[in-house]
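Report on the following structure.
Predicted, not measured: the structure shown is a model, and the values here were computed from it. Throughout, a chain's letter reflects where its sequence line sits, starting with A, and its residues are numbered from 1.
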There are 2 protein chains.
Amino acid sequence: MSDSPIPALSTWVEVPKTSDFTIYNLPFGIFKNKKLSPRVGMAIGDKIVDLSVLDQEGFFANLFLPEGIFLTDSLNGLISLGKVQTRKIRERVQSLLLEDNGELRDHSARGKVMVTRKEAEMLLPVKIGDYTDFYSSVEHATNVGKMFRDPENALLPNWKHLPVGYHGRASSIVVSGTPIHRPKGQSKSPNMDTPMFGPSRKLDFELEMAFITGKQTRLGDSVSTAEAEDYIFGFVLFNDWSARDIQAWEYVPLGPFLGKSFGSSISPWVVTLEALEPFRTASPVQEPEVLPYLKCDREHSFDINLEVLIQPEGGKASKVCTSNFKHLYWNVAQQLAHHTVNGCNINVGDMMASGTISGTSPNSFGSMLELSWNGSQPLPLDGDGKRAFIEDGDTVIMRGFAEKDGVRVGFGEVKGQILPAKI
Amino acid sequence: MSDSPIPALSTWVEVPKTSDFTIYNLPFGIFKNKKLSPRVGMAIGDKIVDLSVLDQEGFFANLFLPEGIFLTDSLNGLISLGKVQTRKIRERVQSLLLEDNGELRDHSARGKVMVTRKEAEMLLPVKIGDYTDFYSSVEHATNVGKMFRDPENALLPNWKHLPVGYHGRASSIVVSGTPIHRPKGQSKSPNMDTPMFGPSRKLDFELEMAFITGKQTRLGDSVSTAEAEDYIFGFVLFNDWSARDIQAWEYVPLGPFLGKSFGSSISPWVVTLEALEPFRTASPVQEPEVLPYLKCDREHSFDINLEVLIQPEGGKASKVCTSNFKHLYWNVAQQLAHHTVNGCNINVGDMMASGTISGTSPNSFGSMLELSWNGSQPLPLDGDGKRAFIEDGDTVIMRGFAEKDGVRVGFGEVKGQILPAKI
């Protein structure tokens with residue numbers, strides 16, 4: 001599938017050459033601006049297509065959509081229509097934006113439909129039901145195991161047999177641009193007799209991507225790897241902010257809790273599985289062989305370039321990491337099949353994150369924990385000091401895009417600034 | 001507060017002597033029956049007070065409630081009105097049910113207001129946002145530590161410094177009476193080279209209680225122990241079904257996942273904090289001293305008797321455990337203060353469970369894991385075999401009630417039957 005050439009498309013919308021939001025992409029999001037209440041839009045170039053206006057003007061008449069489906073503050077209702085419908089909506093908009101199609105281009109409502117992206121505020125795109133975080137990068141798990149457990153046996157015995165994951169906090173997932181206060185909490189270094197309380201001194205990011213589920217299951221039912229992609233609507237960039245000192249003291253035996261739940265940030269545009277199709281690629285070979293319910297008949301990974309930048313307050317942004325989604329050992333079909341194999345039910349709008357996406361080279365590590373090797377090797381920034389962990393005022397920016405045959409499908413960015421701890 | 005005598009109240013409703021649902025209780029729930037759509041009710045004796053009919057008949061006229069607040073399938077909207085309003089609603093109903101009050105007793109709508117509980121189906125009372133499970137019984141944590149780690153150092157170093165907890169799966173929380181399929185999953189005993197896949201062979205219950213939050217916070221804000229009870233609406237019984245073999249293989253290093261997420265069961269009636277007030281009591285003394293943010297100025301525990309019964313299919317129920325909520329080392333104010341100290345935001349309808357509530361005597365242990373000491377000492381049932389863990393067809397029943405000066409405030413029960421694994 002990924003070997004077939006991408007059909008060339010051109011649009012009457014002016015799309016800057018390096019834009020993530022090409023005619024091939026058309027991601028869904030929720031936006032508002034000074035005049036417009038929250039609604040569903042689709043990004044193209046520097047514009048947002050206001051789907052609610054398209055709908056009012058009758059452009060979706062053949063689709064028989066429920067009234068007001070685009071005039072809402074979350075994508076959940078739209079996603080619940082099912083993939084057949086959401087695919088038709090996306091294809092209809094794509095067709096309306098094509099160079100040779102005059103339907104919208106020459107329509108009197110064109111000015112009302114095409115909203116300037118810069119003047120819009122993006123909102124959290126979905127009402128998130130449950131949030132799960134996996135731990136699917138073998139490089140990340142190995143790095144962490146080397147640092148905190150046994151360098152000779154860095155991977156735990158279960159790691160290559162199942163996609164390790166845990167439940168996370170959904171309420172504190174925020175959209176890109178939302179500042180996060182440095183969390184306070186307990187920590188205890190080995191040389192202390194009792195724990196101390198205060199602002200985290202090891203605040204970190206984790207470079208992740210997350211998928212949003214688009215179809216529900218009933219309690220007791222399972223989703224196979226072959227069926228899994230039917231249940232995946234699309235993807236976003238995900239920054240799993242982590243307080244390493246809080247996490248280290250709390251996490252045994254029941255896992256991460258307050259070291260994570262103070263905030264996670266996502267990019268606002270949901271890139272559909274359909275848009276990522278041309279970038280489908282293989283995952284790393286799995287050895288030992290996995291159990292039958294985790295086997296896959298096809299490729300379920302995507303070639304998505306990822307990068308992380310740190311921008312000190314008032315300074316310039318330095319790139320600190322370059323990675324790729326395809327490095328992940330466990331793919332999304334395996335994650336979803338594993339998650340539901342016990343009968344756990346999923347709902348529309350659940351979010352499942354990948355875990356930190358690290359590659360093999362040191363500059364591809366997806367967290368400061370790995371990049372600075374737990375603070376022992378602070379990372380130089382471009383002309384502006386160095387970082388062991390994230391400091392107050394720093395903004396962390398993550399970007400992601402797929403590119404092939406001159407076609408680009410990107411995610412934009414997720415960014416967030418760290419504010420000082422609240423007093 | 002708990003030393004003051006409870007004022008004597010009597011009602012014109014016939015309430016059986018052993019009923020949990022006395023005039024002192026009046027818990028909120030969501031019910032429907034063959035004729036009535038889902039709505040808010042309050043239990044008394046063998047009846048349910050249909051609050052939507054009371055509202056329609058003008059009995060709440062002085063409270064200026066939003067229209068249709070009781071004609072809904074969850075308590076979230078009602079709880080969101082705030083404690084001042086929900087307390088007034090409960091007090092108004094209590095007053096209407098008093099022996100000497102003829103307003104409802106002699107009203108033509110009385111028959112419509114008082115619904116027979118037996119003919120009603122109880123639904124999940126709240127739309128649960130995030131679900132957290134604590135681990136707050138020192139006896140339970142010690143038992144588990146003895147079995148799986150080091151009998152000499154059963155408690156981990158962090159346990160007495162913070163209320164250990166983890167995020168759980170909200171989607172699979174179901175109301176009492178919902179059957180649960182035995183989960184399938186991976187497990188690996190120490191003598192196996194590779195993991196196996198199949199139905200869990202160590203299916204267990206955990207006797208817990210959970211509180212439901214009634215007020216939201218913003219991301220970045222914290223709730224102090226002194227403020228905590230303002231954020232707690234009420235309590236339910238909670239059975240945290242657990243697959244010990246799946247859990248043992250998966251839980252290092254990120255905590256319980258599929259060993260828990262196949263289902264949790266709650267009792268349908270939410271008993272308010274106000275109803276539990278007369279049963280307030282002290283928690284165990286905490287030593288070592290806790291950090292300042294975990295200190296409390298008053299008692300935050302309640303004297304609630306708990307019991308667990310196992311009923312084999314077609315057989316009689318055997319009581320296997322008798323415990324009490326007051327055994328918990330960490331109280332609800334400490335749990336909520338800890339949960340939010342890092343700025344994690346809470347919403348109306350979040351659920352926070354206590355963790356298994358074990359006492360010191362072997363018959364007070366709140367799980368089969370402890371009662372049968374990981375299966376090594378199967379528990380005899382009354383005239384019907386014995387149990388190491390839960391078998392297909394077994395129904396597990398948990399009950400809870402507070403009692404003092406002849407006044408009883410109970411939770412009813414949470415029960416669930418285990419069905420064979422799906423093929």
(message) If I compare all heavy atoms of B:Asp130 with all of A:Arg169, which pair ends up nearest, and what's the gap?
(response) CB-NH1, 3.2 Å
(request) Grab the two heavy atoms, one from B:Lys422 and one from A:Asp221, that are nearest each other, plus how far apart they are. (result) NZ-OD1, 2.6 Å
(request) Determine the interplanar angle of the B:Phe257 and A:His338 rings, folded into 0 to 90°, and report it as parallel if under 30°, tilted if 30 to 60°, perpendicular if over 60°. (result) tilted
(message) To check you understand the geometry: which heavy-atom pair defines the closest contact between B:Tyr251 and A:Pro253, and what is its length?
(response) CD1-O, 3.4 Å
(request) Among the options A:Ala243, A:Pro157, A:Ala141, pick out the one with the most heavy-atom pairs lying under 4.5 Å from chain B. (result) A:Pro157
(message) Could you measure the distance from the CH2 atom of A:Trp159 to the CD atom of B:Glu250? Nearest 0.5 Å is fine.
(response) 15.5 Å
(request) Mark yes when over 12 heavy atoms from residues, nucleotides or ligands other than A:Asn191 sit less than 6.0 Å from its CG; otherwise mark no. (result) yes
(request) Could you have a look at A:Gly343, A:Gly168, A:Gly129 and say which one has the most heavy-atom pairs with chain B under 4.5 angstrom? (result) A:Gly168
(request) Look at A:Pro288, A:Gly165, A:Pro256, A:Pro292 and state which one has the largest set of heavy-atom pairs under 4.5 Å with chain B. (result) A:Gly165
(message) Which atoms of B:Val174 are under 4.5 Å from chain A, going by heavy atoms: the side chain, the backbone, both sets, or neither?
(response) side chain
(request) Kindly say whether the aromatic ring centers of A:Tyr166 and B:His167 come within a distance under 6.0 Å. (result) no
(request) Tell me, for B:Phe148 versus chain A, whether the close heavy atoms (under 4.5 Å) come from the side chain, the backbone, both or neither. (result) neither
(request) Return the option, out of B:Ser222, B:Pro195, B:Gly259, B:Ser171, with the maximum number of heavy-atom pairs under 4.5 Å with chain A. (result) B:Ser171
(message) Is B:Leu156 close to chain A through its backbone or its side chain, or both, or neither, when contacts mean heavy atoms under 4.5 Å?
(response) side chain
(request) Select, from B:Leu419, B:Asp350, B:Ile128, B:Ile246, the one with the greatest count of heavy-atom pairs under 4.5 Å involving chain A. (result) B:Asp350
(message) If you count every heavy atom of other residues, nucleotides or ligands that lies below 6.0 Å from A:Lys184 atom NZ, does the total exceed 12?
(response) yes
(request) Determine the option with the most heavy-atom pairs under 4.5 angstrom with chain A, choosing from B:Ile346, B:Val252, B:Asn347, B:Ile180. (result) B:Val252
(message) Taking every non-hydrogen pair under 4.5 Å, which of A:Gly185, A:Pro183, A:Ala170 racks up the most with chain B?
(response) A:Ala170
(request) Identify which part of B:Arg149 has an atom lying under 4.5 Å from any heavy atom of chain A, answering side chain, backbone, both or neither. (result) side chain
(message) Nearest 0.5 angstrom please: A:Arg218 CZ to B:Ser172 OG, how far?
(response) 15.5 Å
(message) Using 0.5 Å steps for rounding, measure from the CD atom of B:Glu289 to the OG1 atom of A:Thr194.
(response) 10.5 Å
(request) Enter the distance from B:Lys260:NZ to A:Cys344:SG here, rounded to the nearest 0.5 Å. (result) 14.0 Å
(request) Could you tell me whether the side chains of A:Ser261 and B:Asn342 share a donor-acceptor contact shorter than 3.5 Å? (result) yes
(message) Can you tell me how far apart CE (B:Met196) and CG (A:Leu291) are? Round to the nearest 0.5 Å.
(response) 9.5 Å
(request) Below 4.5 Å from any heavy atom of chain A, which atoms of B:Pro199 appear? Answer side chain, backbone, both or neither. (result) neither
(request) First locate atom CG of A:Leu294, then atom CZ of B:Phe197, and finally report the distance between them rounded to the nearest 0.5 Å. (result) 8.5 Å
(request) Counting only heavy atoms closer than 4.5 Å, note whether B:Asp133 contacts chain A via side chain, backbone, both or neither. (result) neither
(request) With a 4.5 Å cut-off on heavy-atom pairs, point out which of A:Trp249, A:Tyr131, A:Phe262, A:Tyr135 contacts chain B the most. (result) A:Trp249
(request) Tell me, for B:Ser200 versus chain A, whether the close heavy atoms (under 4.5 Å) come from the side chain, the backbone, both or neither. (result) neither
(message) Below 4.5 Å, heavy-atom pairs only: which of B:Leu219, B:Val341, B:Asn345 has the largest tally toward chain A?
(response) B:Asn345
